[in-house]
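So the structure is just underneath, and the comments pick up after that.
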Amino acid sequence: AADPAAAIGGEPPPAAKLQADAFEAMCSLFKAALDGADTESDAWNGRDLLVLSKLLQLDSEDGKSTDILLKVYNHPLWSRVTFWEDVLLVGLAEAHSQMVLSRWSSPGLAPAKGEAQEVVMTTFLQRYMGYMVALGIQLDQARSCAERTLRKHSVLLGQSCEVYIRLVTHSGGPPPASNSVSADSAAEASSAAPDAEVIRPQVLASSEPP
């Protein structure tokens, strides 16, 4: 499924408000789905679950918003370097696929022969660093992971590699927003999970899932 926030220049839809029973049921489904994505190293579905977890919230009487991302904050998938590397490649592939589709619908947009390779950004790529920060990964570590991944594929990205590094990591600009998971909320999620093994700030693990 396409990232609902991935349309170039688009905005994500408003979060859906769920009653308590429905919210708890969705949390259980998300945890099970994340377990499957972790076991199968499934970056596509893992990415979709990451994005959708911000779009489902508990409709509480006190007006305080709690999204599913907070409830799955301690999932081991978020600690895997390979997941974040693969998710970045998924985002790049999706962005270029959208560009190709737009050219098919508007042939006049095709670049002239010899023109420099284009850089195309989606909302997901713009928020990529923010998702990592939201899950407790330090900003400098997140930037290092993204830059290392992009340089691994510099042959395919060509001259656009350096531009992607600058745009994706927001280097030279303000730190990316942390997608609304506050430090207090993160601490609450960590302490509330009896089987949580991840210590915040999160450290990316290079080991593969068992």
Side-chain angles (χ1 to χ4, degrees), residues 1-7 9-39 42-80 83-84 86-88 90-91 94 122-139 141-142 145-146 168 170 174-204:
D3 169 15
E11 292 296 329
K17 301 291 185 178
L18 304 177
Q19 297 299 316
D21 291 346
F23 182 77
E24 291 302 322
M26 288 302 300
C27 288
S28 298
L29 289 173
F30 265 72
K31 290 175 182 177
L34 287 170
D35 287 344
D38 191 14
T39 301
D42 185 351
W44 282 93
N45 283 312
R47 190 286 303 269
D48 288 348
L49 290 166
L50 171 63
V51 173
L52 290 173
S53 68
K54 291 291 298 175
L55 302 179
L56 296 173
Q57 295 181 347
L58 173 63
D59 187 13
S60 58
E61 295 180 356
D62 59 7
K64 182 180 178 181
S65 296
T66 301
D67 56 44
I68 289 180
L69 183 61
L70 180 61
K71 295 298 185 179
V72 295
Y73 182 83
N74 290 301
H75 198 280
L77 180 62
W78 314 135
S79 298
R80 303 197 188 283
F83 169 75
W84 293 106
D86 292 346
V87 161
L88 181 52
V90 166
E94 183 177 63
T122 62
T123 305
F124 174 75
L125 289 176
Q126 292 169 350
R127 295 176 178 173
Y128 172 79
M129 299 295 296
Y131 284 118
M132 298 183 80
V133 172
L135 287 162
I137 299 169
Q138 295 181 4
L139 180 57
Q141 192 177 22
C145 176
V168 172
H170 301 271
S178 61
N179 289 307
S180 302
V181 176
S182 67
D184 291 341
S185 297
E188 178 184 350
S190 182
S191 62
D195 58 347
E197 298 178 353
V198 180
I199 300 175
R200 295 302 189 268
Q202 186 162 177
V203 177
L204 293 177

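No hydrogens, no waters, no symmetry mates; every other heavy atom, side chains included, goes into these values.
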Apply side-chain contact (heavy atoms from CB on, under 4.5 Å) to [X] and list each qualifying residue two or more places apart in sequence or on a separate chain.
| X | value |
| --- | --- |
| Asp35 | His75 |
| Val90 | Ala43, Trp44, Arg47 |
| Ala33 | Leu49 |

Evaluate Ile68 against Leu55 for side-chain contact (heavy atoms from CB on, under 4.5 Å), listing each step before the verdict. CA-CA 8 Å; Ile68 289 180; Leu55 302 179; over 6 Å; no
Identify, with sequence neighbours excluded, every residue that meets side-chain hydrogen bond (donor to acceptor under 3.5 Å, both in side chains) alongside [X].
| X | result |
| --- | --- |
| Asp86 | none |
| Lys31 | none |
| Ser60 | Asp62 |

Taking all non-hydrogen atoms of both residues into account, name the closest pair between [X] and [Y] and its distance.
| X | Y | value |
| --- | --- | --- |
| Leu77 | Ala37 | CD2-CB, 4.3 Å |
| Val168 | Ala146 | CG1-CB, 4.3 Å |
| Gln57 | Lys54 | NE2-O, 4.2 Å |
| Pro76 | Asp38 | CG-OD2, 3.9 Å |

Spatial distance of atom [atom1] ([X]) from atom [atom2] ([Y]) [nearest 0.5 Å]:
| X | Y | atom1 | atom2 | result |
| --- | --- | --- | --- | --- |
| Asp48 | Phe124 | CG | CZ | 9.0 Å |
| Leu18 | Leu58 | CG | CG | 8.0 Å |
| Tyr73 | Asp67 | OH | CG | 12.5 Å |
| Ile137 | Ser79 | CD1 | OG | 7.0 Å |

Going by heavy atoms in the side chains, are [X] and [Y] under 4.5 Å from each other?
| X | Y | answer |
| --- | --- | --- |
| Ser65 | Lys17 | yes |
| Val51 | Tyr131 | yes |
| Lys71 | Thr66 | yes |

Dump the intermediate steps for side-chain contact (heavy atoms from CB on, under 4.5 Å) on Leu69 and Leu135, then the final yes or no. CA-CA 9 Å; Leu69 183 61; Leu135 287 162; 3.7 Å; yes
I'd like to know if the side chain of His170 and the backbone of Gln126 have a donor-acceptor N/O pair within less than 3.5 Å. yes
May I ask you to decide if Leu50's main-chain N or O and Ser53's side chain share a donor-acceptor pair within less than 3.5 Å? yes
Compile the donor-acceptor pairs under 3.5 Å between side chains in residues 20-29 and protein atoms, sequence neighbours left out, one pair per line.
from	atom 1	to	atom 2	distance (Å)
Ser28	OG	Glu24	O	3.2

In terms of the angle between their ring planes, are Trp84 and Trp78 parallel, tilted or perpendicular, with boundaries placed at 30° and 60°? tilted
